[in-house]
Amino acid sequence: MKFFVDTADVDAIRELNDLGMVDGVTTNPSLIAKSGRDIKEVTAEICEMVAGPVSAETVALDAEGMIAEGRELAKIAENITIKVPLTWDGLKACKVLSGEGRMVNVTLCFSANQALLAAKAGATFISPFIGRLDDLNLDGMELIAEIREIYDNYDFSTEILAASIRTANHMKQAALIGADVATAPPAVIKAMASHVLTDKGLDAFLKDWEKTGQKIL
Ligand code: G3P
């Protein structure tokens, strides 16, 4: 499973990228607002740092506006993926932009039928939002499983990009189901390294080591 980082915080991206943990980046208008930076400037900086796809989201509501904004965002760098919402106009924009050979990420997907339409419209990525479904007491992972089955049934090349990932357990479940990509905040990726028994074991080893009075260096 590829790891995308869901943030516009360049320092956080750099730290994970240096570890080889970053296959791409996703941003959205909320994350750009949180960064406090200009969308073109911060996105260009991210695109220069990361070799993989970097999603930048349009904000127009009509297809024509999304297409114009998508073309403008695509000028930032070769690895820009244009993000459009899963609306009827978003699907129209996806069809046009993907037809121009651009990478398109269709976002705000909450049903298997929406994902099926995005694949038909030529999406490079479909972004089902797991956490926001879980917030409503629905099962976000069930959606990922349904989309996986449908895409495999018909050999769609659209990649499943599990989004709105909130926990390390979401990462594990997405990988088990076979999501192609998961995008997560840096803190969630770091949390994957933690285990209480690792901390406990390390503590015991260090206490015993102290008793030996030895030094390695
Ligand atoms: O990738 C989409 C993500 O940014 C949304 O996450 O936690 O706001 O639902 P969240």
Side-chain angles (χ1 to χ4, degrees), residues 1-13 15-17 21-37 39 42-43 45-47 50 52-59 61 66 69-70 73 79-87 90-91 93-94 103-112 114-115 118-119 123-148 158-175 177-192:
M1 185 172 74
K2 286 176 271 191
F3 282 18
F4 286 4
V5 194
D6 197 30
T7 185
D9 177 339
V10 286
D11 292 332
I13 295 168
E15 185 190 356
L16 289 168
N17 197 41
M21 299 286 178
V22 180
D23 300 303
V25 172
T26 50
T27 65
N28 60 38
S30 304
L31 293 171
I32 296 293
K34 194 172 166 196
S35 78
R37 298 189 53 191
I39 183 171
V42 71
T43 307
E45 211 176 306
I46 295 168
C47 286
V50 174
V54 175
S55 290
E57 190 160 341
T58 59
V59 291
L61 292 178
M66 287 181 211
E69 287 177 357
L73 291 169
N79 51 339
I80 283 287
T81 299
I82 302 159
K83 212 170 171 188
V84 297
L86 212 156
T87 58
L91 292 170
C94 175
M103 290 188 286
V104 180
N105 176 357
V106 181
T107 189
L108 288 166
C109 170
F110 294 95
S111 78
Q114 288 181 316
T124 316
F125 301 103
I126 182 69
S127 290
F129 274 34
I130 294 168
R132 292 191 194 185
L133 284 169
D134 289 358
D135 288 345
L136 298 179
N137 266 337
L138 297 168
D139 189 347
M141 282 302 158
E142 197 179 297
L143 173 59
I144 302 287
E146 285 178 355
I147 300 172
R148 179 75 285 155
T158 301
E159 294 191 35
I160 302 174
L161 197 173
S164 184
I165 294 248
R166 307 265 178 80
T167 65
N169 199 39
H170 276 158
M171 291 295 276
K172 182 182 83 174
Q173 288 176 294
I177 291 170
D180 301 287
V181 191
T183 190
V188 171
I189 295 175
K190 284 184 165 184
M192 292 168 74

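Computed from a prediction, not measured in an experiment: that's the story for all the values here. Both ligands and their constituent atoms are indexed starting at 1 by order of listing.
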Which atoms of ligand 1 are found less than 4.0 Å from any heavy atom of [X]?
X	result
Arg132	5 (C), 8 (O), 9 (O), 10 (P)
Phe129	2 (C), 5 (C)
Arg166	7 (O), 9 (O), 10 (P)
Ala163	1 (O), 2 (C)

Below 3.5 Å, N or O to N or O, backbone or side chain included: is there any such pair between [X] and ligand 1?
X	answer
Asn28	yes
Lys83	no
Thr183	no

Practice task
Would you indicate whether Leu61, at its atom CG, is surrounded by more than 12 heavy atoms from other residues, nucleotides or ligands within a distance under 6.0 Å?
Solution key: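 No, the 6.0 Å shell around CG holds no more than 12 heavy atoms from other groups.
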Practice task
Answer yes or no: is there a side-chain heavy-atom contact under 4.5 Å between Phe129 and Thr107?
Solution key: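 A side-chain contact under 4.5 Å exists here.
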Handout entry: Side chains of Thr124 and Glu159 in contact at under 4.5 Å (non-hydrogen atoms)
Key =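 No; the side chains remain at least 4.5 Å from each other.
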Fill in the blank from the handout: Of all protein heavy atoms, the one nearest atom 3 (C) of ligand 1 is Asp6 OD2, 3.0 Å
Fill in the blank from the handout: Of all protein heavy atoms, the one nearest atom 6 (O) of ligand 1 is Ser164 CA, 3.4 Å
Exercise for the section: Please confirm whether Thr26 comes under 4.0 Å of ligand 1, counting heavy atoms of the residue only. Expected result: no
Problem - NZ/NE/NH1/NH2 to OD/OE distance under 4.0 Å, Asp180 and Arg148 - result: yes
Practice task
Look at the side chain of Thr27 and the backbone N and O of Ser55, then say whether any donor-acceptor pair between them is shorter than 3.5 Å.
Solution key: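 Confirmed, Thr27 side chain pairs with Ser55 backbone.
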Handout entry: Pair Asn105, Ser127: side-chain N/O donor-acceptor within cut-off below 3.5 Å
Key = yes
Practice task
To the nearest 0.5 Å, tell me how far Met66 CE sits from Leu73 CG.
Solution key: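 Between atom CE of Met66 and atom CG of Leu73 there are 12.5 Å.
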